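One structure is given below, encoded as structure tokens.
Every value quoted in this text rests on a predicted model; they were computed, and no experiment measured them. Letters A, B, ... mirror the listed sequences (proteins, then strands); counts begin at 1.
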Protein chains: 2
Amino acid sequence: MTHTSGAAEDYLKTIYAHTEWQSDLITPSALAVRLGVAPSSVTEMVKKLAASGLLTHVPYGPLALTDTGRLRATAVVRRHRLIETWLVGEMGYDWDQVHDEAEILEHSISDRLLAAINARLGFPAHDPHGDPIPSADGTVLRPPAVLLAEVTVGHTGTVLRISDRDPAVLRELAADLIGPGTEFTLAAALTIVLADGQSRQLTTAAAASIWVTV
Amino acid sequence: MTHTSGAAEDYLKTIYAHTEWQSDLITPSALAVRLGVAPSSVTEMVKKLAASGLLTHVPYGPLALTDTGRLRATAVVRRHRLIETWLVGEMGYDWDQVHDEAEILEHSISDRLLAAINARLGFPAHDPHGDPIPSADGTVLRPPAVLLAEVTVGHTGTVLRISDRDPAVLRELAADLIGPGTEFTLAAALTIVLADGQSRQLTTAAAASIWVTV
DNA sequence: GCTATGGTTTCGGCATGACTAAAACGGATG
DNA sequence: CATCCGTTTTAGTCATGCCGAAACCATAGC
């Protein structure tokens with residue numbers, strides 16, 4: 001219906017992403033920081049998106065996507081994650097190198113091409129970082145997960161997801177062969193032992209980026 | 001160096017395309033018609049491109065790409081044609097359906113992804129319409145060819161290329177199983193006989209879109 | 001040589017999209 | 001109830017790309 005430009009898609013995506021792994025609503029100022037724009041820019045775009053029926057916003061309050069807005073947002077996220085999965089699965093990219101390319105292509109790929117990519121990949125449920133790929137109808141299957149940083153020593157589990165917010169963390173973990181599916185025990189704060197008995201020393205930033213089974 | 005927006009790339013591509021199969025330079029008015037814009041818009045963009053050193057233009061004269069401009073143009077054409085080849089070769093598109101998708105992606109795909117696609121396809125020399133794919137350094141291998149419409153009755157040869165200007169022609173020829181590589185003899189004006197003895201009645205538009213061996 | 005004509009350019013302008021700084025504002029907190 | 005932080009309004013900027021109308025140039029025809 002409404003066209004939804006590249007920038008608008010980025011706003012929707014960011015608003016959606018904020019609620020994906022934590023449940024509080026995002027405020028205009030937080031959104032401004034995340035997007036690297038001035039607060040007044042957020043107000044302006046929010047006005048447009050609200051006028052298009054994509055989000056609701058009581059003045060001076062937080063932002064909440066409408067059903068339509070959420071669907072639009074998950075569509076962008078779906079494109080992004082399928083593209084990332086494709087780049088890693090078929091095009092020889094490493095998982096720490098796909099973000100920028102996906103960031104661009106997610107705004108220009110057609111539904112048809114996306115469907116073809118999806119079929120070639122065998123309809124994957126997760127992207128290379130372990131993030132769930134929303135289905136075309138907006139459904140997101142997200143397993144219960146906690147941050148490694150918030151788990152008690154002695155906890156045994158499996159890595160479910162690595163946040164792709166910090167590229168340096170991704171490179172570091174890729175070099176350590178830690179990724180979605182890795183089984184571990186938390187031996188001490190910031191120290192994990194893998195299934196093969198090897199141990200790994202993590203940075204604080206890494207522990208705050210790794211989501212694991214409860 | 002210079003950024004070269006999507007619109008600028010379309011201008012360069014169109015200027016280049018005009019000289020690819022015929023040798024006269026394009027005039028501003030012809031360019032305006034091809035792009036579907038007003039002549040004054042052409043003048044303006046030409047000014048920018050000339051300022052960026054991508055083309056030369058004596059006032060009231062025709063347009064000619066500089067070496068840099070030609071390289072920039074062939075890069076766009078290369079992206080377009082590799083994407084088309086990929087869509088047909090791996091993604092299940094028919095050759096008459098790829099143009100629009102390529103038109104969009106050609107402006108956003110990265111060099112790295114393009115190289116990966118190129119490698120997967122085995123470094124093809126031609127796209128699905130028979131157009132040569134320029135190499136990364138701008139080299140274009142173009143075989144001698146003539147329009148079917150300009151060939152004398154009795155001529156025997158091979159279809160080299162179908163212009164993708166007119167989608168209706170592409171669909172028509174696809175349905176008739178005529179494409180690059182098809183061998184034929186021109187039995188009468190607008191009538192060709194294929195290698196298996198079957199004959200085909202062509203439209204004028206088709207005959208003016210098919211390039212064949214000399 | 002001169003004029004008419006058709007293509008080209010200049011000019012003034014518009015629309016869109018996205019962004020900003022500064023000032024005004026509102027609501028919760030102390 | 002005053003303060004302060006976050007939000008909104010206001011009033012612009014900047015870039016891109018486009019247009020119509022009027023001025024302009026070069027050349028073909030007389």
(request) Scan Pro28(B) against the nucleic acid and name what it touches under 4.0 Å (heavy atoms): base, sugar-phosphate only, or nothing. (result) sugar-phosphate
(message) Under a 4.0 Å threshold between the charged nitrogen and the carboxylate oxygen, would Arg70(B) count as salt-bridged to Asp67(B)?
(response) no
(request) Could you pick out which residue, Pro39(A) or Ala38(B), lies toward the 5' side of DNA chain D when each is mapped onto its nearest nucleotide? (result) Pro39(A)
(message) Taking 4.0 Å as the cut-off, does a side-chain nitrogen or oxygen of Ser5(B) come that near to OP1 or OP2 on dG17(D)?
(response) yes
(request) Give the rounded distance in Å between these two atoms: NE2 of His107(A) and C1' of dG17(C). (result) 14 Å
Contacts table for residues 34-48 of chain B: side-chain donor-acceptor under 3.5 angstrom, sequence neighbours left out:
from: Thr43(B); atom 1: OG1; to: Pro39(B); atom 2: O; distance (Å): 3.3

(request) Specify the closest pair of heavy atoms between Thr213(A) and Gly157(A), including all atoms of both residues, with the distance to one decimal. (result) OG1-CA, 3.3 Å
(message) Taking the minimum atom-to-atom distance to the side chain of Ser40(A), which one of dA18(C), dA21(C), dC11(C) wins?
(response) dA21(C)
(request) Using a cut-off of strictly less than 4.0 Å, decide whether Lys48(A) has a side-chain nitrogen or oxygen near OP1 or OP2 of dG17(C). (result) no
(message) Taking 4.0 Å as the cut-off, does a side-chain nitrogen or oxygen of Ser41(A) come that near to OP1 or OP2 on dC19(C)?
(response) no
(request) Starting at atom CD of Glu44(A), determine the distance to atom P of dT20(C), rounded to an integer number of angstrom. (result) 10 Å
(request) Output the distance between atom CD (Glu172(A)) and atom CG (Asp96(A)), rounded to the nearest 0.5 Å. (result) 11.5 Å
(message) Between Thr85(B) and Ile133(B), is there a side-chain heavy-atom distance shorter than 4.5 Å?
(response) yes
(message) Give the residues of residues 59-66 of chain B touching DNA chain D, defined as any heavy atom closer than 4.0 Å, sorted by residue number.
(response) Tyr60(B)
(message) Would Arg142(A) and Trp21(A) count as a cation-pi pair here, with the cationic atom under 6.0 angstrom from the ring centre and within 45° of the axis?
(response) yes
(message) Between His57(B) and dT8(C), is there a contact of a side-chain N or O with OP1 or OP2 at under 4.0 Å?
(response) no
(message) Tell me whether the side-chain N/O atoms of Ser29(A) come closer than 4.0 Å to OP1 or OP2 in dT7(D).
(response) yes
(request) Specify the separation, in whole Å, of atom CG of Leu31(A) and atom P of dA18(C). (result) 14 Å
